[in-house]
Structures are given as C-alpha cells and as structure tokens.
Amino acid sequence: MAGNILKAHARTPVAPKPEFLWGVSTSSFQIEGAAHIEGRGDSIWDAYCRIQGRVKGGDTGDQACDHYHRYTEDVALMRDLGVNAYRFSISWPRVLPRGRGVSNEPGLAFYDRLIDALLAADIEPWICLYHWDLPQALDDLGGWQNRDIAGWFADYATLVARRYGDRVKRFATFNEPCVFTLFGYGLGWNAPGIADKAALHKAIHHVNLSHGAAVDVLRASVPDASLGAIHNRQPCFPRSASPEDANAAQRFAEYWNDAFPYPQQFGCYPSALADAIEPYQRPGDMAQIARSVDWFGLNHYSPHYIKADSNLIGATFGAPPDDVPRTSIGWPIVPGAFRDTLLDIHHRFGLPIYVLENGTAAEDKLDIAGGIQDAGRIAYLQAYTDAMQEAISAGADVRGYFVWSLLDNFEWASGYSQRFGLVYVDFDTQRRIPKASARWYSDLIAAPRESPISSATANSVNAIAAKG
Ligand code: IFM
C-alpha cells in the first residue's frame, strides 16, 4: 500500500534547506483536535484527560486548535510570519489507530495535505515522530515499559518515512524524552500518570532503544534524510547551599539532561543511572542506541533550581532566587543560561544544533482594538535570541531557531490556561489573531544581516514598543 501512495505523491526531490532556519514548532495532540473522527485511535492523553482532576479545568484535546481542519489557515499564518521551517509531530494513533498493524488512510492523507501546503509556501517540514501521544492500545500492552515497543516504534517510523520521505528530509525521533518519561512514569504528573521507579527506568531504556531502531529504519527508507532527537537541556542549580540540594541537583540533571543524549551519543548511561537501568539492558543494547545522528535538537526555556525531595528520584523543582525575573507562570528568565547551554552542547557533543523550542507563556489579553500587546514575550524572545547570537559568536554551531509555539494550544496538565503562541487562539470561535510578538518575529526574520541575528532585533522591538 505504501508504495502506491508514495507514487501518488511523488514530487521533485526536496533537500534540506541549507540556510539558517527560522521556524515555529507545534505538536499533534496540542493543536490538531479532531480527536474522534476519521479513524483516529485514542492516545494516552485522551485517556488521561478523562480522569477527573488530572488536567486543569477538565480540558481535553478534543478540539484543541482544530488544526486538522484549519491547517491551510495555519500555514498561511506561517507564511505571513516569514518562517522557512515548521516542526510538527505526527499523531501515532491517527496514522496507526492501534499503534501497530492496519494504518489509517484518512490520517495519513491529512499529513500529505499539510506537507504539500508547507512546501507550496516554501516552508521546510520537520517531522517529529513522537511528541507524547502514545496510542492507548500500546499503553494497554505496557507502553514504554514493554521492550517490544522498540519494534512497534520502528514499524511506525517506517510507515512515516515511506509515506512522506519523498518530501520530508528532516526527522526527529523524540521530543523531550526526559519530560515524558520522568513526568509520565516517575512523578505521575503527565499521562499515563505512573509514579514507579522500575517503570521509569524501563521507559528510559526502551525509549533509547526505540530511538536507535528508528534511526536505522529512517536511514534505510530515506537515505538523504537529516536526523536527530530533541532534548531538553538546562543548568540544574541547587536551590540552596545545603549538601542535600547539591546532591539533588546532580541527580536531577542526570535524569533531565543526560539520560538520553549520553546513551545516544556516547553509548553509556550517566553514572547514577547506570546501575538502575542495568537490569533492563541486554548485550548489544548500547550499540543499538548509539546510532549516528546529524544534529542535536535543543528545547530550552529556563534553568532549574532544584531541591531535595522525598519523591522517587529524591529531587524536584524549587523556586528560583528572589532576584531572578520570572515569566507569568513562574519560569526563571535567564538568557545567559541559554547561551552557556548552547556552548556546552557544542563542546560536549560536537553536533550542529537546532533550537527547536524556545518561548514563553504570558497572560495575553485582547486590547480594546482587538490586538494583543505581548511586550513581555517580545522582551523574552529578544533576550534569548541575543543570547543565541552570543553563543554563535563564541563558536557554537547553531543552525536554526524555532519558537514554541505558532499557536496558543493545549498545555498538557495545565489545559488551555497557559498561552505560548505567537498567534492568539480564541478557543470558542477558533479565531486566530497574531500577537505583537508575531510582528516582532517577522521583523527579526526579515532583518538584513551577515550573521544569523544582528542589532536589527533591537530596532524592531523599539518599533513595536513605539506602536504601543
Ligand atoms: O508545550 C510544551 C511542549 O509540548 C514541550 N516543551 C515545552 C512546551 C511548553 O511547556
């Protein structure tokens, strides 16, 4: 079946764009909606949303931004922004309702339409295979705790690669594996809501195995593809001077920063994790995980201030020191930590870096003229893109920057209460309204420059401030 479809969509060969990429990122569950139509299966997030008290306000992904039906409008918004790349994720249960076996043609066809619309707008599509919406049918079999998932994931990756690989050359295996394993299996804060040490360690290892397996099949199916994984990485500072917090910060950093990049790049787990994961390892696993990739995908928002805790990893998030500015949802604003992280990744891993998420939530409100003057978001993005420029000037090989997110969307356990978009979404009417930050980002992208970013950013911010 895949062969015929491939023929139907054959196009002039597409190559990865060589220039610096300015993009936006989204994910399937957070924007698509259309959760119960055209053959889509349930994901663990559909099920999690149904459990009372798990998601703020009882919100669900049923409608989200209705992107499934409004993708042409959303691609037009991206074209107006001037981005040359867009990262989205495939909903595994939309294309394989039971996670494996029979594929769902209407779901596959949706991504055909989206990809074709992006290419027509000269926007490079970046596919992320997994942004947290595991098919419920696979969770019923143990989900990431079941070692067989590496094979299921490889089969899913093969389907995606064969279907879209004629037009898509950028593939990421996973988005933020540290978050969905730690929050979903270790701390019980996200779907599937488990808090169990063994579950966490199995999930970590099986995600790593799945990454390696997917890299193999992507390389085999799309030989000219450019591949990577998307990791969170940020300094984990101890919240206080106590030795307990110092230990906690170190332990937390191993789960957060190193549990995936280390095995994937160096073929080993960080020391504190190695013993915990050993029972689930088999001979040959580490070589299977450490497949060569082409870039390091970085998601970065803030540093963490970590304190000791009685939870199963002995560490959790603490409040930042009083003198550290914070966003409306309390996330520390420390652009220097972003610069240092980029340089650290450059020296540690030696791969080209794409920043695939950076941005901020804000309390966006319509003004009397019907616009959104999100000066705080502009200031955040200004400071963080300046920090990226500093890292580039100091030698970091950064090749792209993607804002999280194009649209306000479903922010996991916080429901729709946190708005991260450059574009405001009225969730009652689905009306989209570009915020002042969208204009700021277009100006940044359009600014003439020799290096990726120049002082034109400061001018455009002043211009927006002057417009009020
Ligand atoms: O919305 C999330 C996204 O799904 C993963 N990275 C962080 C974003 C903001 O919390």
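Bear in mind the structure is a predicted one, so any value in this text is a computation, not a measurement. We count ligands from 1, going down the list as the structure has it; atoms in each ligand are counted the same way. Note that these values count all heavy atoms, side chains included, but never hydrogens, waters or copies made by symmetry.
- Close N/O approach between Asn409 and ligand 1 is not found [any backbone or side-chain N/O within under 3.5 Å].
- For His206, the side-chain contact (heavy atoms from CB on, under 4.5 Å) partners are Arg147, Ile149, Lys202, Leu209, not counting sequence neighbours.
- Contact analysis leaves Gln418 out of contact with ligand 1, as no non-hydrogen atom separation drops below 4.0 angstrom.
- Residue-to-ligand polar distances keep Asn299 apart from ligand 1: every N/O pair is separated by 3.5 Å or more.
- Residue pairs meeting the salt bridge (Lys or Arg N to Asp or Glu O under 4.0 Å) criterion with at least one partner in residues 177-186, sequence neighbours excluded, are absent.
- The distance criterion of under 3.5 Å between nitrogen or oxygen atoms is met by Glu357 with respect to ligand 1.
- For ligand 1, the polar-atom distance check against Asn175 finds no nitrogen or oxygen pair separated by under 3.5 Å.
- If you look at Phe29 next to ligand 1, there are no close heavy atoms at all, none under 4.0 Å.
- Put simply, the residue from Phe296, Phe402, Tyr401 that forms a side-chain contact (heavy atoms from CB on, under 4.5 Å) with Leu356 is Phe402.
- Using modelled atom types, one side-chain atom of Asn104 and one backbone atom of Arg94 make a donor-acceptor pair closer than 3.5 Å.
- Relative orientation of the His131 and Trp404 rings is parallel, given thresholds of 30° and 60° on the angle between their planes.
- Counting atoms of ligand 1 from 1 in the listed order, those under 4.0 Å from a heavy atom of His131 are 3 (C), 4 (O), 5 (C).
- Atoms of ligand 1 found under 4.0 Å from any heavy atom of Phe420 (numbered from 1 in listed order, with element): 9 (C), 10 (O).
- Ligand 1 lies nowhere less than 4.0 angstrom from a heavy atom belonging to Phe410.
- Considering backbone and side-chain atoms alike, Glu176 places an N or O below 3.5 Å from some N or O of ligand 1.
- Ranking protein heavy atoms by distance to atom 10 (O) of ligand 1, first place goes to Glu411 OE2, 2.5 Å.
- A tilted orientation is assigned to the rings of Tyr384 and His300, their planes being inclined by 30° to 60°.
- Between Leu422 and the choices Leu81, Val83, Leu406, Leu407, the side-chain contact (heavy atoms from CB on, under 4.5 Å) rule is met once, by Leu81.
- In this pair, Phe420 and Trp331 present their aromatic rings tilted. The plane angle is within the 30 to 60° band.
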